[in-house]
> 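Have a look at this one before I ask anything.
The structure presented is a predicted model; accordingly, all values stated were derived computationally and were not measured. Worth knowing before you read on, the calculation uses all heavy atoms, side chains too, and leaves out hydrogens, waters and symmetry mates.
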Amino acid sequence: KQEQDQILNALQDVGIVQVSKVGDVEDPSEVQTTPFHKDLSKELLELEQRLGDLKFGIEFLAPYTKDANPLIFGRPKISRAKLKEVLDESEKYFDIVDKLYQLDQRLNQLNGEETRIQHQIEFFLPWKALDIPLDQLGSADKVEFVPASVDRRMVDEFKSHVQADDKLHLDLRVIGEGQDDIKLLIIYHISQKEPVMDLLKEYSVYVQDFADYEGTPLDNIKRYQLRLAKIQEEREAIGEKTQSLAPNKRSVEILYDYLSIQLAKKTAMQRISNTDKTFFLEGWLPEESTQEVEEKLGQASQWIYTAFTDPEEDDEIPVLLENTKLVSPFEAVTEMFSLPDPRGLDPNPLMAPFYFVFFGMMLSDAGYGIVLSLLTGYALWKLKLGGMAKKLVELLFLGGISTIVWGALFGGWFGDLIPIKPLWMDPLEDPMAVLVVCFILGLIQIYTAVFISAYKNIRQGKIMDAIMDQGLWLVLVTG
C-alpha cells in the first residue's frame, strides 16, 4: 500500500488506463467510508478549493499578460527543475492569489461606489441651475422655498392655474428638466402654505426632499466628480499593482496544472479498495497496450499483481477509436453525434469513402477546392492543432482534394470564371447524366448500409433477422 502513489503515477504516465470502479462496491459512484477514504475526501475538497483560488488568480492576471498563441507556438514546455521550483515556492503563489482577492474585493467596492455616485450625479443634474444651498431650502422667516417636480404633460396647465388664481401668491421658477418631469422652485408666503399644498396635491406635484444635503446642486456634482476622479486614480493604482504581479501568472498556471493532475489521481484513488497493507483497482485499457502497462507497473513496484480479462456481456465498455491516418479525420463527424457501440462496428472506415466523394461532388468546383486545400494545409503545417480541431481541419483538407477532383471532372473552376473543358461531363449541358451518376452512387450507399446491417445480425446469430429484414430490403430496392 505504501507504493500506491508510485503505481498511480505509472498509470498516469502511460495515459491509456481508465479506472472504472471501487473494488467490490456495486455502484462505482459510491465512495468507501473507511478512514482512508474519509481523509481522501477532505484532501479532495482542499484541492478543489486551492484549484478554484488558482483559477481565479489566472483569470484575474490574464488581461495584464500576453501569452503566445498555442495554435502557432504550441503549449509551453516546463522542465522538471522549473516544476520543482514552483512547488517549493507554492505558498508564495497562494499569497499572491490572496493579494489578488483583496485587489478584486477593493475593485468591487470602488465599482459599487462609482455606480452610486453616478446615480447621485444624474439625480442632481436637472437641479444644477439652482443657486440656493440645499440646506437653506424650506422655511426662511416668512417665505417658503420648495423644490418640486411636476409631470411635463401637466406643467403648462399647472402654470396657467397659478397665473389665473388671483388669491394665490406664489412664484414659479423653472430650474431644469428631467426625463419625464420639470424641476421647479416654488416660492410663497407662509400664509399661503395650505392652499399651495392643496394645489400641489391636485396636480400630483412631488416635493423634493434635500434634507440630507448641503451646498448647491452644482457644488454636490463637483464634489461627486472629484470623488470619481479619485476612484479612477485608485483603480489605476490597483491596475499597476496587478501588473507588477502579472509575471507570476505562468508559475500560477504551472501550479494549477500540477494540482489538477493530483486531483485526478486522488479522484481515482477514491475508486480504490483498501486493506491495511494492500489495495487494488480495476480499469479499462486497449488490448494491445497490456504489455506496456504491465511493464510500467512492474517498474513502479515489484510487489504487484496484474490480471487482464475480457469484458463481460453486461460491462459498459469505454470507446477508443483507432483508424488509419486517412480515416481518422472522419471520426470528427461521428464524434459530433455519438460514439459507436464498442461491441459493434466502427462506421468510420465504411462512411469515410462516401463522405469524401459526396463532399466534393456537392461543391464540385476545382478552384474552391484548391483554395480550401491550401488554407487547411497551411493550417496543419503552421498551427499546433490537436484533438477535434485537428480532425476537422484534416477533414476539410480531404474535402478540398475531393472538390478539386470533381471540379475538374465537371469543369468547374471558380464557377465559369476560368473556361476549362470538363474531363468527364458538363452538368449544365447533360444534367440527366449527372442525375444517373447520383442515382448509382446512392444505390451503392444503400446496398452498403443494408449489407452492413445484415452482417451485424449474422454475427450476432440472428440469421432470420438478416433474411427477413435486410434480405427483403435488398429485394425491394433491387426491384
> Looking at F356, is its backbone amide N or carbonyl O close enough to the side chain of S402 to form a donor-acceptor pair, meaning the two atoms are under 3.5 Å apart?
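Yes; judged by distance alone, with no hydrogens or angles, the pair exists.
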> Take K128 and E177 through the test salt bridge (charged side-chain N to carboxylate O under 4.0 Å, His left out) and record every step on the way to the result.
CA-CA 10 Å; K128 68 179 181 179; E177 296 185 7; over 6 Å; no
> Looking at K325 and E394, is any side-chain nitrogen of the basic one under 4.0 Å from a carboxylate oxygen of the acidic one?
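Salt bridge: no.
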> With a 3.5 Å cut-off and no angle check, do the side chains of Q102 and D98 form a donor-acceptor pair?
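Side chains of Q102 and D98: no pair found under 3.5 Å.
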> So, for Q445 and F358, which heavy atoms are closest and what is the spacing to 0.1 Å?
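Heavy atoms of Q445 and F358 come nearest at OE1-CE1, 3.5 Å.
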> Please report whether the ring centroid of F210 lies less than 6.0 Å from that of F123.
yes
> Taking side chain as C-beta onward, heavy atoms only, is K82 less than 4.5 Å from V86?
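Contact flag for K82/V86 side chains = yes.
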> Rounded to the nearest 0.5 Å, what separation is found between the CD atom of E157 and the OH atom of Y203?
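Rounded to the nearest 0.5 Å, the CD-OH separation comes to 4.0 Å.
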> Start with the C-alpha gap between W127 and Q208, add the side-chain angles, then the distance that decides, and say whether side chain to side chain contact (heavy atoms under 4.5 Å, CB included) holds.
CA-CA 11 Å; W127 295 99; Q208 187 66 58; 4.0 Å; yes
> Heavy atoms, side chains only, cut-off 4.5 Å: are L184 and I175 in contact?
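With C-beta onward as the side chain, the pair stays apart.
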> Before accepting this row, confirm whether a basic side-chain N of the pair D151/R153 lies closer than 4.0 Å to the acidic partner's carboxylate O.
yes
> For the pair V150 and D181, evaluate side chain to side chain contact (heavy atoms under 4.5 Å, CB included) and give the outcome as yes or no after the intermediate values.
CA-CA 5 Å; V150 61; D181 54 13; over 6 Å; no
> With no hydrogens and no angle check, just 3.5 Å: does a side-chain donor-acceptor pair link Q120 and Y213?
yes
> Is any NZ, NE, NH1 or NH2 atom of the basic residue among E253 and R250 found under 4.0 Å from an Asp or Glu carboxylate oxygen of the other?
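Result for this pair is yes, salt bridge flagged.
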> Run the numbers on F124 and L134 for side chain to side chain contact (heavy atoms under 4.5 Å, CB included), then give the verdict.
CA-CA 11 Å; F124 278 116; L134 300 176; 3.5 Å; yes
> I want to check something: taking the side chain as every heavy atom from C-beta on, are V146 and V196 in contact at a cut-off of under 4.5 Å?
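No; the side chains remain at least 4.5 Å from each other.
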> Taking the six-membered ring for Trp, are W381 and Y378 parallel (under 30°), tilted (30 to 60°) or perpendicular (over 60°)?
perpendicular
> Quick one: closest heavy-atom pair of S364 and T403, and the distance?
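Looking at all heavy atoms of both residues, the shortest contact is N-CG2, 4.0 Å.
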> How are the rings of F56 and Y101 set to each other: parallel, tilted or perpendicular (split at 30° and 60°)?
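F56 and Y101: parallel rings.
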> Count the heavy atoms belonging to other residues, nucleotides or ligands that lie under 6.0 Å from CD of Q179, then report whether that count exceeds 12.
no
> Under a 3.5 Å distance rule, please check whether D365 uses its side chain to pair with a backbone N or O of G415 as donor and acceptor.
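Confirmed, D365 side chain pairs with G415 backbone.
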> Ignoring hydrogens, what is the shortest heavy-atom contact between T334 and P347? Give both atom names and the distance.
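Scanning both residues completely, I find the closest heavy atoms to be CG2-CG, 4.1 Å.
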> For residues A332 and L392, report the shortest heavy-atom separation together with the two atoms involved.
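Nearest heavy atoms, A332 then L392: CB-CD2, 3.8 Å.
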> Does the side chain of V174 come within less than 4.5 Å of K183's, by heavy atoms?
no
> Is it the case that more than 12 heavy atoms not belonging to D416 sit under 6.0 Å from its CG atom?
no
> Please answer whether the main-chain N or O of I317 pairs with a side-chain N or O of D315 as donor and acceptor at a distance below 3.5 Å.
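Absent.
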> Nearest 0.5 Å please: distance from the NZ atom of K230 over to the CD atom of Q225.
14.5 Å
> Using a cut-off of 6.0 Å, state whether more than 12 heavy atoms not belonging to R173 lie near its atom CZ.
no
> Check this for me, if you would: do K55 and D53 make a salt bridge, where the nitrogen-to-carboxylate-oxygen distance has to be below 4.0 angstrom?
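So K55 does not pair with D53 through a salt bridge.
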> Ignoring hydrogens and geometry, is there a side-chain-to-backbone donor-acceptor pair from E144 to Y188 under 3.5 Å?
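Side chain of E144 to backbone of Y188, a donor-acceptor pair under 3.5 Å: no, none is there.
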> Please indicate whether E202 has more than 12 foreign heavy atoms, meaning atoms of other residues, nucleotides or ligands, lying under 6.0 Å from its CD.
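Yes, enclosed.
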> Report yes if the side chains of L103 and T242 come closer than 4.5 Å at any heavy-atom pair, otherwise no.
yes
> Closer than 3.5 angstrom, by distance alone: can the side chain of D165 be matched with the main-chain N or O of V162 as a donor-acceptor pair?
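Here the side-chain-to-backbone pair does not exist.
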> Can you give me the closest heavy-atom contact between Y64 and G239, atom names plus distance?
CE2-O, 3.7 Å
> Please find the pair of heavy atoms, one from V357 and one from W406, that lie closest to each other, and give the distance.
O-NE1, 3.3 Å
> Mark yes or no for whether S373, through its side chain, and I370, through its backbone, hold a donor-acceptor pair below 3.5 Å.
no
> Begin from the C-alpha positions of L228 and I121 and carry the test side chain to side chain contact (heavy atoms under 4.5 Å, CB included) through to its verdict.
CA-CA 10 Å; L228 285 179; I121 291 176; 3.6 Å; yes
> Can R106 and D104 be counted as an ion pair, charged N to O under 4.0 angstrom?
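Between D104 and R106 there is no salt bridge, as every charged N stays at least 4.0 Å from the carboxylate O atoms.
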> Do L263 and T267 make a side-chain contact, defined as non-hydrogen atoms from C-beta onward lying under 4.5 Å apart?
yes
> May I ask you to test the H189-H169 pair for a side-chain heavy-atom distance under 4.5 Å?
no
> Any side-chain to backbone donor/acceptor pair from N111 onto L107? Under 3.5 Å, distance only.
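Flag set: sc N111 to bb L107 pair under 3.5 Å.
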> Quick test of your reading of the model: are R223 and D219 salt-bridged, counting only N-O distances below 4.0 Å?
no
> Taking the side chain as every heavy atom from C-beta outward, state whether F94 and L255 have any pair of such atoms under 4.5 Å apart.
yes
> Indicate yes or no for a side-chain donor-acceptor contact from N220 to the backbone of T216 under 3.5 Å, with no hydrogens or angles considered.
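Side chain of N220 to backbone of T216, a donor-acceptor pair under 3.5 Å: yes, one is there.
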